[in-house]
Amino acid sequence: MSKLLTKTLREAPAEAELASHQLMLRAGMIKRLSSGIYTYLPLGWRVIKKIENIIREEMDAVGGQEINMPVVHPAEIWQESGRWYSVGAELARFKDRWGREMALAMTHEEVVTDVARQYIDSYKQLPVVLYHLQTKFRDEPRPRGGLIRVREFIMKDAYSFHRDFEDLDRYYPAMCQAYMNIFWRCGVDVTMVLSDVGMMGGSTAHEFMMLSEAGEDTLIFCDKCGYAANEEVATLQKGEPLPRPASVPGIEEVATPGTTEVEQVSQLLGVSTKVVMKTMVYESGDRLVLAVIRGDLDVNERKLANASGVTELKPAEPDRIRRAGMEPGYLSPVGLKGAGITVVVDDSVSDGGPMIAGANKAGFHLKNVLYGRDFSGTVRDIALARSGDRCSRCGSPLRVTRGIEAGNTFKLGTKYSSSMNATFVDVDGERKPFVMGCYGIGVGRLFACIVEGHHDEKGIVFPMTVAPYHVYLIHLGESDDVKEAAQRVYAELDGAGVEVLYDDRDVSAGVKFNDADLIGIPVRVTISKRTLAHGAAELKLRSADEVRLVDLGDLALQIRNMVAAEKRKYNDRRVQYPTVW
RNA sequence: CGGGGCGUAGCGCAGUUGGUAGCGCGCUUGGUUUGGGACCAAGAGGUCCCGGGUUCGAGUCCCGGCGCCCCGACCA
């Protein structure tokens, strides 16, 4: 310990706000170099290695083969997949000395696909699962929360290659189970939720979320049937569509001064908000996207972006709306002219009868507006699920919580294999693109999740499986017999394969105890004149209050048992992942 | 990129009407202590984020930049 490169801090640096961030800084596990870029100090790095080894074991158990792919990629491979052009500034690009375009790895689909097309020729070799633990760089717009969201990070990414979708479907649950095992063994309770496919592309995706207010994602749950989804994709029951009479009278303009919100219109006209159309305008580059939804619902921007085929949306500026011939506060999809406007209509509107819409004219609305007759657009579900909305599966009220995404799984399909011409010869002699899955875990983020979930007022309380050391050994007082006894205990434990951090510093008892609590090593062993008088050492679990004296002769055995028992708490339990979908 | 905040010793902070920088913790040396962040004494440590301006004089006022944190848009 006296030689260990660390520095425990009594006070947390001002830059840290989250418990995990403060504690990792205070315990001397990480050091910030630049925004979102961290050095792991010895204690922190040991934890990372523990996590990585758990991941390796579980990946190997589902047939994974570990490889290592480069951090620096030539532009060509990203151009092949098309992502050189579709991904924005988060892909860090630079030129090498010859002026060749290069990129820092942000993820490795392209590279692994390149490996697969070279080394997998036949269906007989499939399925193949490759994984690696590697540094990635994503030039995130906003790093935050210490290790929760960084720019440079270690990620475990695994990629599976299959003959067909059926085989991917068969394999996918095994990977999900491996994920549950990893998180549980690290002491992190996760919930698997349906998620958006994001920039990865592909069909089905799940995220593994640790529920926490510190989380960046909003999650929608149904307690009754177990439906769980990221808000980005969560569905809901929207209730019966509005009745659609056989004949609907033509559009009629009504004066509605000062009613720029759905609520005000419904009050003025004495109708339910369900009869009022809510129209929102977003912009994406030079395109405008008009979202039309029933007045009692809200627009889900992620769904809207997906529906309109763009990656980024933001609410349009009023000036821009007016230039396009519309009137903020009285927006309407009726009578739109001008190019570059995409209209996306929620099914709550398209399925129903006549509604009230804005007139694109200040102070006026239109009655009897009918989708199909008076306006058109792409019909999609673009509704935002909110607390209390009804579950699309069973109709029960939905609940909303926040979560930290610790990992995710995707059914990628043939997006990369097709674009990069990665094929194999199937039984029928035909060349077919691999059907791929990809599976990621942010290692540093998982570390942060562990600390976020395992701490108290005094510091971290590590699960034995990921603790930097098993035992924190303290001697109190500088007398030779105490120091010698401590050294013997250290040697004995070390010889028995127990990882011991020996606090040999000549500092007061309080300092040692407080540092022990802060660093959070699971077992604390104290040797002092007092314990030696009984021929014993004091044994304490970080997670419990009780201390007990253990005879020096029994100490090593007892500690070994303790370490094993603590590991078993996490390693033995296998959490079955839910199969509601 | 929009909104908010902060940059003074390794960390946490103070610094008045503009007058030449301080406190606590940590660090070094010596001594006394030794079961929950001890005590005494002596020290070391500062481009006050950077650049420009105002002024006899700027940590303090003005302008410009940079860095960092928090809230949003994006993701492991």
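Residue numbers start from 1 in every chain, and the chains themselves are labelled A, B, ... in the order their sequence lines are given, proteins ahead of strands. Note that this is a predicted model, so its numbers are computed, not measured.
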Please state how far atom CD in E301(A) lies from atom C1' in G2(B), giving the value in whole angstrom units. 14 Å
Is N514(A) close enough to G36(B) that one of its side-chain N or O atoms is under 4.0 Å from OP1 or OP2 there? no
Nearest-Å distance, NZ (K136(A)) to C1' (C74(B))? 18 Å
Base of C74(B), side chain of R149(A) - is there a donor-acceptor contact under 3.5 Å? yes
Just the rounded figure in Å: distance from C1' of G10(B) to CG of L25(A). 13 Å
E17(A) side chain: which of C70(B), G36(B), C68(B) is closest? C70(B)
Which of these nucleotides, G37(B), A76(B), C71(B), is closest to any side-chain atom of R445(A)? A76(B)
With a 4.0 Å cut-off on N to O distance, would you call K136(A) and E152(A) a salt bridge? no
Cationic N near anionic O, under 4.0 Å, E231(A) to R386(A): no
Between the protein and nucleotides 33-35 of chain B, which nitrogen or oxygen pairs are less than 3.5 angstrom apart?
| unit_1 | atom_1 | unit_2 | atom_2 | d |
| --- | --- | --- | --- | --- |
| G35(B) | O2' | R530(A) | NH2 | 2.8 |
| G35(B) | N7 | S528(A) | OG | 3.0 |
| G35(B) | O6 | S528(A) | OG | 2.4 |
| G35(B) | N1 | E538(A) | OE1 | 2.9 |
| G35(B) | N2 | E538(A) | OE1 | 2.4 |
| G35(B) | N2 | E538(A) | OE2 | 2.9 |

Between A76(B) (C1') and I404(A) (CD1): distance, integer Å: 12 Å
How far does the C1' atom of G45(B) sit from the matching atom of G72(B), given to the nearest Å? 42 Å
Say you pick atom P in C13(B) and the same atom in U54(B); how far apart are they, in whole Å? 35 Å
State whether S35(A) places a side-chain N or O below 4.0 Å from either non-bridging phosphate oxygen (OP1 or OP2) of G67(B). no
